[in-house]
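Inspection log for the structure reproduced underneath, given as structure tokens.
The structure displayed is predicted, hence computed values, not measured ones. In what follows, every heavy atom counts, from backbone to side chain, and hydrogens, waters and symmetry copies are set aside.
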Amino acid sequence: MDTLTQAVLGAAGAQAVFGKKLGRHAGLIGAWGGIVPDLDVFLGNRADPLAGYEIHRGFTHSLAFVPVGALLTVLPFWAFPKYRRELGATYFAAFLGYLTHAPLDTFTSYGTQLGIPFTLHRYSLDWVAIVDPLYTLPLLALVIASAIRKSILPALIGLIITTAYLGFGGIQNHRALEAQRLIAESRGHVARESRAMPMIGSLLLWRSLYEHDGRYYADAVRVGFGGDLQWKSGESGQAIREYQAPADWPDHVREAAERDFKRFRFFTQDRTVLSPDGQWIGDARYAMDPGGMTPMWGIRFDPTVAPGETPTRNERSAFRDRGKMVERLWETIQGRGEGFVPVAN
């Protein structure tokens, strides 16, 4: 999830366990521990457009790396005598803060490599969006209350509430997938590679995505707190399983393009799709419109580059009117969006 959320969760965990021994400092150490894994965004080759995709949520998010990551987290604090007097407590506060990071990321749809070096698999549960204020803000308020009152109780309450919220996300995900099953059956489709992913800031509006006969189908699904599931028919796009560069491209371009496609496909968890204009390859998991097939990001290849240069370029969707998109998204979350009908129909 976003950096603020990771810091707040790390602070809550450390404060709840070590608050009595370290006081407010436990939350500070835990918050830094919750941030450190995401410093991987500063690693890698800046000239490589896919470095960020490959490195982020990689080895620094591995559970096997937690002891080392915790040590790196706590070293700056040990420069001060007041922290050196509690070597063990400060280390384990950092350990706990660091440990909260990767599992929380796993609840999102981005994919987190928890098992390095034993497996490179990207784990994702699709239970919560990458940014969700309903998760973050209550926990933030209770962590602040815990620090002000010098009590671990508010932090504990915050952990209980947010854990329950993640559980609710799991229930909503299950209901969204059930809606997807009925939608696919109504079309005569056999759904493969099925995913239901919450849109930013909501467990009510979901992006249903599945593959049938070489195409991805996206639909908007509204999963309320009860009653009928609603959906709005979306768009489809050509799934890209393999990429073979045109034969008239120079050899160095063809080899680099085909290699980089495999790297990008691994990042997307095999959900690569041709953009609607046919000019680039995108990550089908993410779009501003829950039923749209214009990915938020992707890659394209430039066959005119010289040997030694990368032909791969990052691509982003052009959102010309972000205000209207956010307004439509909010209306849909509230159940006021046009075109939604009960899934039962």
Side-chain angles (χ1 to χ4, degrees), residues 2-3 36-62 65 105 108-113 115-117 119-122 124 130 193 209 211 214-216 218 235-289 292-322 325:
D2 62 278
T3 302
V36 168
D38 274 349
L39 297 183
D40 61 1
V41 297
F42 297 105
L43 303 176
N45 181 5
R46 294 293 176 182
D48 181 359
L50 295 182
Y53 292 130
E54 285 189 320
I55 293 175
H56 185 44
R57 296 200 185 183
F59 77 93
T60 63
H61 290 61
S62 168
F65 191 76
D105 274 345
T108 72
S109 54
Y110 195 86
T112 307
Q113 293 177 278
I116 292 176
T119 176
L120 298 179
H121 181 74
R122 301 182 71 92
S124 52
I130 294 174
E193 305 291 339
L209 183 72
E211 185 266 332
R215 295 187 69 81
Y216 281 115
E235 301 173 348
S236 69
Q238 179 185 344
I240 308 294
R241 296 293 186 202
E242 300 292 338
Y243 180 78
Q244 185 171 4
D248 59 348
W249 284 11
D251 288 344
H252 70 279
V253 175
R254 294 179 70 252
E255 293 174 1
E258 290 170 7
R259 180 191 66 240
D260 283 354
F261 169 76
K262 291 179 181 179
R263 296 167 65 198
F264 184 69
R265 180 184 171 187
F266 173 74
F267 162 74
T268 67
Q269 300 173 302
D270 287 340
R271 286 163 179 83
T272 44
V273 65
L274 189 66
S275 66
D277 62 9
Q279 300 301 307
W280 51 287
I281 298 169
D283 184 347
R285 298 174 299 172
Y286 296 100
M288 278 295 292
D289 180 352
M293 199 46 76
T294 300
M296 286 187 178
W297 53 68
I299 56 173
R300 62 180 175 84
F301 303 116
D302 179 4
T304 65
V305 299
E309 296 182 6
T310 175
T312 306
R313 302 286 184 265
N314 284 323
E315 190 71 39
R316 296 287 187 273
S317 297
F319 303 124
R320 291 187 175 84
D321 196 338
R322 297 173 187 266
M325 287 187 176

Are the side chain of [X] and the backbone N or O of [Y] linked by a donor-acceptor pair below 3.5 Å?
{"X": "E255", "Y": "E258", "result": "no"}
{"X": "R285", "Y": "D283", "result": "no"}
{"X": "R241", "Y": "D270", "result": "yes"}
{"X": "Q113", "Y": "L120", "result": "yes"}
{"X": "H252", "Y": "E309", "result": "no"}

Looking only at heavy atoms, which two atoms of [X] and [Y] are closest? And how far apart?
{"X": "E211", "Y": "A239", "result": "CG-CB, 4.4 Å"}
{"X": "P250", "Y": "P303", "result": "CD-O, 3.8 Å"}
{"X": "H61", "Y": "D40", "result": "CE1-OD2, 3.3 Å"}
{"X": "V273", "Y": "G237", "result": "CG2-C, 3.7 Å"}
{"X": "P37", "Y": "T60", "result": "O-OG1, 2.8 Å"}
{"X": "G282", "Y": "P295", "result": "CA-CG, 3.7 Å"}

| request: Going by the side chain to side chain contact (heavy atoms under 4.5 Å, CB included) test, name the single residue among T272, L274, L209 that passes it with Y216. | output: L209
| Under 3.5 Å, is there a donor-acceptor pair between the D260 and T312 side chains? | yes
| said: Looking only at the side chains, is there a donor atom on one of S109 and R271 sitting less than 3.5 Å from an acceptor on the other? | reply: no
| task | Decide yes or no on side-chain contact (heavy atoms from CB on, under 4.5 Å) for F264 and I240, but give the supporting numbers first. | result | CA-CA 11 Å; F264 184 69; I240 308 294; over 6 Å; no
| field | Residue pair R313, V305: steps toward the side-chain contact (heavy atoms from CB on, under 4.5 Å) verdict | value | CA-CA 11 Å; R313 302 286 184 265; V305 299; 3.4 Å; yes
Any [X] side-chain heavy atom under 4.5 Å of [Y] side chain:
{"X": "T268", "Y": "Y53", "value": "no"}
{"X": "E193", "Y": "Q269", "value": "no"}
{"X": "T108", "Y": "R57", "value": "yes"}
{"X": "D48", "Y": "T310", "value": "no"}
{"X": "L43", "Y": "F59", "value": "yes"}
{"X": "S317", "Y": "M288", "value": "no"}
{"X": "I299", "Y": "R263", "value": "no"}

| field | Ring centers of Y110, F267 separated by less than 6.0 Å | value | yes
Roughly how far, to the nearest 0.5 Å, is the [atom2] atom of [Y] from the [atom1] atom of [X]?
{"X": "H121", "Y": "F266", "atom1": "NE2", "atom2": "CZ", "answer": "8.5 Å"}
{"X": "R265", "Y": "I281", "atom1": "CZ", "atom2": "CD1", "answer": "11.0 Å"}
{"X": "R254", "Y": "R259", "atom1": "CZ", "atom2": "CZ", "answer": "13.5 Å"}
{"X": "S275", "Y": "E315", "atom1": "OG", "atom2": "CD", "answer": "7.5 Å"}

| task | With sequence neighbours excluded, tell me which residues meet side-chain contact (heavy atoms from CB on, under 4.5 Å) with P246. | result | Y243, D248, W249
